[in-house]
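In what follows, a structure is listed as structure tokens, so that the remarks can point back to it.
The first residue of the sequence shown is numbered 1, and numbering continues consecutively from there. Just so it is clear, the structure is predicted and the values come from calculations on it, not from any experiment.
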Amino acid sequence: MEVVIPTDLMRRAEITVTVAGLASCESVTCSRDVVICPDSSLQDAIKQGPYDAIVLPGGNLGAQNLSESPVVKEVLKAQEARKGLIAAICAGPTALLAHGIGYGHKVTTHPLAKDKMMTGGNYTYSEARVEIDGNIITSRGPGTSFEFGLAIIEKLLGKEVAEKVRVPLVL
């Protein structure tokens, strides 16, 4: 849900979205046997950048893979340096910690990732469903995916566009 829902919402807002596979453009089976078919590998997607937003999904294994990837670190560091939008949901924000991104910002995560996220005291923790602090958007988990996606749209295109996307969803 943390990949599919924000991607769907951004595409409804006519944002060009590239879903990039970490290792390749081969399909990825998520923790609940949902299969995601990336548009591109991360290496190929980098060549098409820079992007208006970098969005990190959640899941424990996914967040661990993002946290251990030097390519993800490179992408996030470049995005942060250009003050581009960085968004992460569920356990995804722990990749920000792993790569030294957004220190000093207010963030939220899935409740089970809170202790890990607060290691080192680099962030202020929020219990908000979606936390927006400057160019960093974080969110709690699968149940906040709609709010997360709409927050990204609002940040990129404004409240009016986000509202146009939200209304027909009957949330």
Side-chain angles (χ1 to χ4, degrees), residues 1-102 107-114 116-117 119 129-130 135-153 155-157 162 165 169:
M1 289 194 289
E2 299 100 309
V3 173
V4 174
I5 291 170
T7 299
D8 179 275
L9 295 177
M10 288 185 283
R11 288 180 174 165
R12 287 173 190 245
E14 299 183 7
I15 295 170
T16 301
V17 177
T18 301
V19 176
L22 190 57
S24 69
C25 61
E26 298 296 316
S27 63
V28 177
T29 302
C30 300
S31 62
R32 305 297 182 272
D33 293 328
V34 172
V35 177
I36 305 293
C37 298
D39 302 313
S40 170
S41 70
L42 183 56
Q43 287 288 6
D44 288 341
I46 290 170
K47 298 171 190 169
Q48 304 302 314
Y51 291 90
D52 294 327
I54 303 296
V55 182
L56 304 178
N60 286 329
L61 182 57
Q64 180 180 336
N65 291 336
L66 294 169
S67 294
E68 294 172 354
S69 170
V71 179
V72 170
K73 180 177 185 172
E74 173 189 327
V75 169
L76 290 173
K77 289 287 188 184
Q79 188 76 350
E80 183 177 50
R82 60 186 280 284
K83 297 184 180 4
L85 182 61
I86 298 171
I89 187 169
C90 195
T94 61
L96 304 180
L97 172 65
H99 298 305
I101 302 298
V107 298
T108 194
T109 63
H110 189 278
L112 296 177
K114 177 181 178 179
K116 183 175 185 176
M117 194 68 189
T119 302
R129 292 174 60 83
V130 175
N135 66 325
I136 305 284
I137 299 175
T138 52
S139 190
R140 305 222 47 188
T144 64
S145 295
F146 282 97
E147 294 154 88
F148 177 66
L150 291 168
I152 294 167
I153 293 166
K155 191 76 167 173
L156 292 174
L157 300 177
V165 172
L169 298 175

Nearest-0.5 Å distance that lies between atom CE in Met10 and atom CG in Leu156:
8.0 Å
Please check this pair: side chain of Lys77 against backbone of His99, looking for a donor-acceptor N/O pair closer than 3.5 Å.
yes
So which atom in Ser40 and which in Ala45 form the shortest heavy-atom distance, rounded to 0.1 Å?
OG-N, 3.3 Å
For Ala91 and Gly59 the tightest heavy-atom approach is CB-O, 3.9 Å
So, Ser139 versus Thr144: side-chain donor-acceptor pair below 3.5 Å or not?
yes
Minimum heavy-atom separation for Leu150 and Ala162, please, with both atom names.
CD2-O, 3.6 Å
Any donor-acceptor N/O pair, Glu2 side chain to Gly141 backbone, under 3.5 Å:
no
May I ask you to test the Phe148-Val55 pair for a side-chain heavy-atom distance under 4.5 Å?
yes
Report the distance from atom CG of Leu56 to atom OG1 of Thr94, rounding to the nearest 0.5 Å.
9.0 Å
All heavy atoms of Gly149 vs all of Leu9, minimum pair found to be CA-CD1, 4.0 Å
Asp8/Arg11 salt bridge by N-O under 4.0 Å criterion:
no
Hey, is the main chain of Pro93 close enough, under 3.5 Å, to the side chain of Thr109 for a donor-acceptor pair?
no
CZ/Arg129 to CZ/Phe146 distance, rounded to the nearest 0.5 angstrom?
11.5 Å
Under a 3.5 Å distance rule, please check whether Ser69 uses its side chain to pair with a backbone N or O of Asn65 as donor and acceptor.
no
Residues Ala95 and Ala63: closest non-hydrogen pair is CB-O, 4.4 Å
Looking at side-chain heavy atoms only, is the closest gap between Leu97 and Ser67 below 4.5 Å?
no
Ignoring hydrogens and angles, tell me if any N or O in the side chain of Thr138 forms a donor-acceptor pair with the backbone of Thr108 under 3.5 Å.
yes
How many angstroms lie between CD1 in Ile152 and CD1 in Ile137, if you round to the nearest 0.5 Å?
5.5 Å
Just by distance, do the side chain of Arg140 and the backbone of His110 share a donor-acceptor pair under 3.5 Å?
no
With rounding to the nearest 0.5 angstrom, report the CG to CD distance, Leu22 to Gln43.
9.5 Å
Donor-acceptor pair, Thr18 side chain versus Ala20 backbone, under 3.5 Å?
no
Mind checking the CD1-CG spacing from Ile15 to Asp52? Nearest 0.5 Å is all I need.
8.0 Å
State whether the number of non-hydrogen atoms from other residues, nucleotides or ligands found under 6.0 Å of Glu68 atom CD is greater than 12.
yes
Note: Gly84 and Asn135 closest approach over all heavy atoms is O-ND2, 3.0 Å
Is any side-chain heavy atom of Asn60 closer than 4.5 Å to one of Ser31?
no
